[in-house]
Amino acid sequence: MGYTKIFTTKTLTRFLIEEQRRFNYATGGFTGLVNDVRLACKRIARVIGKGALSDALGTAGTTNVQGEAQMKLDVLANDIFVRTNEWGGQLRGMLSEEMDDPYPIPAEYPRGKYLLLFDPLDGSSNIDVNVSVGSIFSVLRCPEGISEPTETDFLQPGTQQVCAGYAIYGPSTMLVLTTGRGVNGFTLDREIGEFMLTHPEITIEPDTSEFAINASNSRHWEPAIKRYVNECLAGQAGPRGRDFNMRWIASLVAETHRILMRGGVFMYPRDRKDSSRNGRLRLLYEANPIGFLIEQAGGRASTGAEPILEVQPQAAHQRIGFVFGARNEVERIERYHRDHNDFEFDAPLFGTRGLFKTPA
Ligand code: MN
Ligand code: MN
């Protein structure tokens, strides 16, 4: 009587400290690292939330290592991530979508044992149209005996991740996190400036009738993907015997968040559009952290042929085909890839042999 019901009192910090006590796996240092990532995300959320008032919209007039035009906010968000995380003493190096080479921790700061990999602003082409964007991060252990990590030290398969997560800057700002014991979602309470646990133990249903793919690339798809999508589109009269919905936001974080909240399957498969690259999304700071979250929520994350987390990375900014979400749908897509033997040739051969490979 007369009490206001408090929805949740568990902050992200409390959650991390309690995890630390329960599992005895992490030091206070690890909690400190996540706290700094959290602060970086809050800083980015503040700028994003101001929109055109911040004078930070538009292009920066530069390109990143992938040859993509950088938005002003890409550069700003990268700078926020670097400055907020470099000083704390937990990191030995960072790798970002927006920096060509790994970033060494400046000499004036102590060094720790972790590596931080991030996409500081995912979906930044959506910024100017006020659609949800996000930040994605992954934490690895630095190999022993390395004081100044180079590219090779970051080339660890996703199974080695200690922690991964994303922040989504939508109508509300959320931080979704895994440390390898399930997935938990926190919503930013702007008045008190804290992330509160609002979505404990997120899971993904194994079945779905909703898929997400950029259909404008359909003429470049491999036969397995064509077959899968065609079967979905055939609806109730087709081999799947039910109707499907399609969604496409063109923002990996927003697509991931939808799938974690209500299920679905996402595909950005490798295709024959550009034979010089093996997919669109980046393995180390997009596919691996998202894949870790999806698998921890009971879903499946794949290249189309094999689990994404088992891929041995070859380069810091490597791209890869990425299919994830509802377990049974992703397994079906993998099965179709095996049936059509799409992976028997390497990407550079696509242009010559690929054209003749489409089975009837
Ligand atoms: Mn991105
Ligand atoms: Mn980005």
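Every number for a ligand or one of its atoms is a count from 1 in the order of the listing. In this text the structure is predicted, and so the values were computed from the model without any measurement.
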* **Pair S96-N78, side-chain donor/acceptor within less than 3.5 Å** => yes

* **R92/D153 ion pair, N-O < 4.0 Å** => no

* Could you tell me how the ring of Y268 sits relative to the ring of F266: parallel (under 30°), tilted (30 to 60°) or perpendicular (over 60°)? => tilted

* Asked: How open is the angle at the Mn ion (ligand 2) from atom OE1 of E97 over to atom O of L121, rounded to 10 degrees?
  -> 160°

* Structure fact -> For the Mn ion (ligand 1), the nearest N/O/S atom on E286 is atom OE2

* Asked: With respect to the Mn ion (ligand 2), what is the nearest N, O or S atom of D119?
  -> OD1

* Taking the N/O/S atoms of D122 one by one, which is nearest to the Mn ion (ligand 1)? -> OD1

* Asked: Does any non-hydrogen side-chain atom of Q161 lie less than 4.5 Å from one of L309?
  -> yes

